[in-house]
Amino acid sequence: SEKMQRRQSSKHSKRPLQVHHSNQTDLSAWRKGETVDTGKSAQSHRSLSDQKNDNEQDSLEQALSYFEKIQDRVSLKKSEVLQKHLSTLESIALKRGLPPEGFDVLLDVALSGKLVNTRLLKSLIPASAIPESSVVSSVSWFCVSKCSSNIQLLFLRWLITMFDFIDQKEQVHALYGIFFFFLNDEKLCPYICHVLYLLTRKENGESPHLCEMKYHFGMQPHLQALLSLYKLFCPELVSITLPQKMKAYFKNADGPWKAAISAVRQRNQANSTVPQPLLLGTAQPHSRKRKWNTQLIVPASSANAQNLVVGGKMSRVDSFSANRSFPVEQLRTFPQLLQNIHRLEFPSQMGSVLTNPLLLHYMNCSKDESAYLRLYYWMGQTLQEECTWCVVDNNQHEEEFKGFLETAYKAECFLQEGFPSCEEFLYRSLPLWDGVSCRSQILQLISWIPLSTFSEMKSQLCDPLAQLFFTSSLYFKCSVLESLKELLQNWLNWHVVQLDSESDSQLSSLNTTLSGLVSGVAELINFVGRISTAALHLEKSHTFLLHFILDFYETVCDIYLKYKLPLLIMPPAGVFYPALLSMDSVNLNQLCYIMYRYYKWCGLSQTYQEYNQYIIAMVGCLWTSSAFQKDNHPQGICLDDELLKKTGVEEYKNSFNIVYHPALMCYAVDFLQQGKKWNWYLRYLYGQGLEGLKLFIESSINRVSKASQSKEDKKV
């Protein structure tokens with residue numbers, strides 16, 4: 001038959017087994033002290049390997065020939081021959097995958113009802129690609145319902161898993177209406193929706209099938225997923241309001257095949273000299289049990305592989321017509337992206353986008369929301385299934401999971417926006433997180449959480465994060481503060497971009513979102529203020545911790561001048577006073593700079609009083625030596641003179657001025673050792689890199705008049 005001829009043409013040529021005529025083995029020669037012929041030994045091993053491969057090829061040919069000749073229904077329990085050939089198929093499929101020419105026969109047998117068993121479908125693992133004609137033929141059998149409903153269900157799961165291995169998809173796309181018909185089947189509906197989700201293009205959203213879809217609609221996630229695509233393509237045809245939050249739309253369909261595909265890929269790469277991208281589209285071997293990183297490379301099927309780089313040039317790129325989709329695995333250069341940007345065909349394994357700069361450029365500049373939707377779905381599904389601390393006995397794969405999270409974070413940085421699927425993952429997993437596993441990656445992802453109502457963030461992000469924050473190490477506290485600072489900066493940067501991009505006609509709608517932004521930013525700042533106050537108490541005002549807290553408030557003090565957001569929030573007293581009395585000059589200098597920046601725009605009545613209280617305390621400490629008498633803040637350092645005398649400290653009033661302040665004492669000692677006059681002390685301090693102190697003193701302290709100062713300088 002034609003199928004047999006195709007298989008015979010692809011069969012490897014037989015190699016004769018080379019036998020070495022020798023009276024003794026290599027081992028016996030070694031025992032006698034003779035020299036072993038390593039060349040002959042290696043040649044013998046190669047011959048044995050060739051013989052084994054030839055035997056496997058013969059067994060595969062016999063099995064395929066047997067399945068092709070099956071005419072009637074066969075019982076697996078009653079046929080030893082069937083058991084033998086099925087075991088052969090399973091063994092070879094798990095070892096090196098099945099060749100493309102075998103899928104016609106095997107899919108026909110599996111779906112025609114001739115074999116009432118799921119083992120055959122579970123063994124259909126491709127070595128390279130799956131012919132489109134095989135899939136079309138199998139869909140025909142699927143439609144006539146010759147097989148059981150369980151087989152139909154398993155076939156749909158197989159089709160979803162193997163979708164990116166189909167060499168061409170135009171004929172499969174032509175079956176869209178046929179798949180749509182099966183939405184009526186309640187059992188098949190979740191997987192039919194998944195297939196349609198993978199097949200849907202813009203023209204499908206405009207089809208009359210959409211009207212029928214409305215009658216099937218419920219709150220089931222799989223139907224929501226399909227409708228969300230239709231609504232993107234044709235919003236006027238979908239009037240139903242869909243949930244905004246991302247969820248796991250589909251059930252996991254890859255059960256018996258994904259681990260096997262990964263294992264086959266590793267073996268084929270180890271034994272083949274063919275360029276690795278041609279072998280199921282991978283660049284390096286990965287764990288058998290994990291699928292996230294294996295999906296980060298654009299898959300390349302056999303037909304598409306013919307169009308890959310040949311001699312440094314694309315062999316058939318120009319053959320694509322203007323209205324034909326352009327497979328992303330053929331995308332190599334930026335000019336190609338520009339030329340084909342309107343007809344790119346993305347794989348179902350949308351994770352490949354994360355590691356491809358060209359596709360990230362496309363995502364960044366394109367208005368194709370369907371690509372974003374597919375990417376969010378894929379990431380959400382993967383994160384839900386494979387979270388290291390949510391899956392039992394998964395610790396050995398933590399490094400791979402770290403790599404995946406790192407890739408997602410880098411993609412967010414490239415696109416300058418967070419993924420909703422990552423946000424959902426964080427909200428779901430933070431209550432279970434130990435604060436140790438993937439710490440750096442989790443905190444990086446937190447910095448890209450999209451702005452939303454703080455009430456939701458409080459319960460799902462802030463509360464579990466605060467519990468870890470208070471019970472973890474100093475280093476963890478500093479890492480969390482750094483992450484929250486970056487989160488604040490990302491929100492503010494987003495606001496600036498929105499201001500620059502909005503036209504006058506859109507400013508009214510922008511004003512409605514501005515109040516939400518101001519509210520969210522204010523709540524975040526107040527949250528950081530609360531945990532910072534508590535952390536300084538727990539860590540005894542540790543210098544390192546205080547530095548990270550003041551770093552955060554350096555961003556806060558510039559919210560209006562730099563980011564044009566009308567919001568002013570002062571550091572809480574539990575942060576201000578530890579910084580003012582700090583023994584570290586860097587922290588004191590930071591505080592002075594922050595207060596100087598507040599002075600530049602502190603005109604809001606609600607915070608002006610608190611600002612004045614802080615200024616009185618700072619001037620009283622650093623300049624007038626009257627902080628203990630004049631500080632009027634409720635949580636300030638005003639103390640009774642009698643109590644201060646009991647401390648036994650001489651000249652206690654001067655304890656925190658610019659000469660005796662613990663953070664500046666080393667500078668005063670060095671200045672005295674140089675024998676300079678005190679009138680030059682400020683100049684000396686300014687020359688030590690204390691720019692914040694200089695700005696604060698010049699802006700907030702009334703020194704002697706310029707005339708007086710000029711006279712003093714002349715005397716010197």
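Numbering of residues begins at 1 and proceeds along the displayed sequence. Keep in mind that this is a model prediction, so the values were computed, not measured.
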Roughly how far apart are Glu101 CD and Ser134 OG, rounded to 0.5 Å? 9.5 Å
Strictly by modelled atom types, are Tyr377 and Ser421 linked by a side-chain donor-acceptor pair under 3.5 Å? no
Any pair counted as ring-ring contact (aromatic ring centres under 6.0 Å, His included), so long as it reaches residues 76-126, sequence neighbours left out: Tyr66-His85
Using modelled atom types and a 3.5 Å cut-off, is there a donor and acceptor pairing between side-chain atoms of Lys114 and backbone atoms of Ile70? yes
Let me confirm one number: the CD1-CD1 distance from Ile130 to Ile125, rounded to the nearest 0.5 Å. 10.5 Å
Partners of Cys189 by side chain to side chain contact (heavy atoms under 4.5 Å, CB included), sequence neighbours excluded? Leu183, Cys193, His222, Leu223
Give a yes or no on whether the backbone of Gly380 and the side-chain of Glu424 come within a donor-acceptor separation of less than 3.5 Å. no
Polar side-chain atom of Tyr372 near backbone of Met363 as donor-acceptor pair, under 3.5 Å: yes
With sequence neighbours excluded, residues passing side chain to side chain donor-acceptor pair (under 3.5 Å) with Arg119: Glu90
My understanding is that only residues two or more places apart in sequence, or in another chain, count here; which of them pass side chain to side chain donor-acceptor pair (under 3.5 Å) with Ser112? none
Heavy-atom closest contact (Pro100 atom, Ser128 atom, distance): CG-OG, 3.5 Å
State which residues pass side chain to side chain contact (heavy atoms under 4.5 Å, CB included) with Ser140; sequence neighbours excluded, sorted by chain then number. none
Partners of His173 by ring-ring contact (aromatic ring centres under 6.0 Å, His included), sequence neighbours excluded? none
For Phe179, which residues count as a ring-ring contact (aromatic ring centres under 6.0 Å, His included) partner, sequence neighbours excluded? none
Residue pair Cys147 / Ala110: nearest heavy atoms and the distance that separates them: CB-O, 4.2 Å
Is there a donor-acceptor pair under 3.5 Å between the side chain of Asp167 and the backbone N or O of Ala129? no
Under 3.5 Å: donor-acceptor pair, side chain of Ser65, backbone of Gln62: no
Run the side chain to side chain contact (heavy atoms under 4.5 Å, CB included) test against His342 and tell me which residues pass, sequence neighbours left out. none
Among all residues two or more places apart in sequence or in another chain, which pass the side chain to side chain donor-acceptor pair (under 3.5 Å) test with Asp185? none
Testing the basics here: between Val172 and Glu132, what is the closest heavy-atom pair and its distance to 0.1 Å? N-OE2, 3.1 Å
Tell me yes or no: between the side chains of Asp108 and Ser137, is some donor less than 3.5 Å from an acceptor? yes
Sequence neighbours excluded, the answer for side chain to side chain donor-acceptor pair (under 3.5 Å) partners of Thr88 is none
Residues passing the side chain to side chain contact (heavy atoms under 4.5 Å, CB included) test with Glu406, sequence neighbours excluded, are Tyr409, Lys410, Gln441, Gln444
Would you compute the distance between atom OG1 of Thr382 and atom CZ of Phe404 and round it to the nearest 0.5 angstrom? 5.0 Å
Mind checking the CG-CG spacing from Leu159 to Leu199? Nearest 0.5 Å is all I need. 7.5 Å
Of all heavy-atom pairs linking Leu124 and Trp257, the shortest is O-CD1, 4.3 Å
Compare every heavy atom of Thr161 with every heavy atom of Ile261, then report the nearest pair and how far apart it is. CD1-CG2, 4.4 Å
Nearest 0.5 Å, what's the CD1-CD distance between Ile92 and Gln57? 7.5 Å
As an exercise, state the distance from CG of Leu337 to NE2 of His361, rounded to the nearest 0.5 Å. 8.0 Å
Applying ring-ring contact (aromatic ring centres under 6.0 Å, His included), which residue pairs with at least one partner in residues 106-143 are found, sequence neighbours left out? Phe142-Phe155, Phe142-Phe182
Minimal heavy-atom distance between Arg374 and Leu198, with the atoms involved, is NH1-CA, 3.6 Å
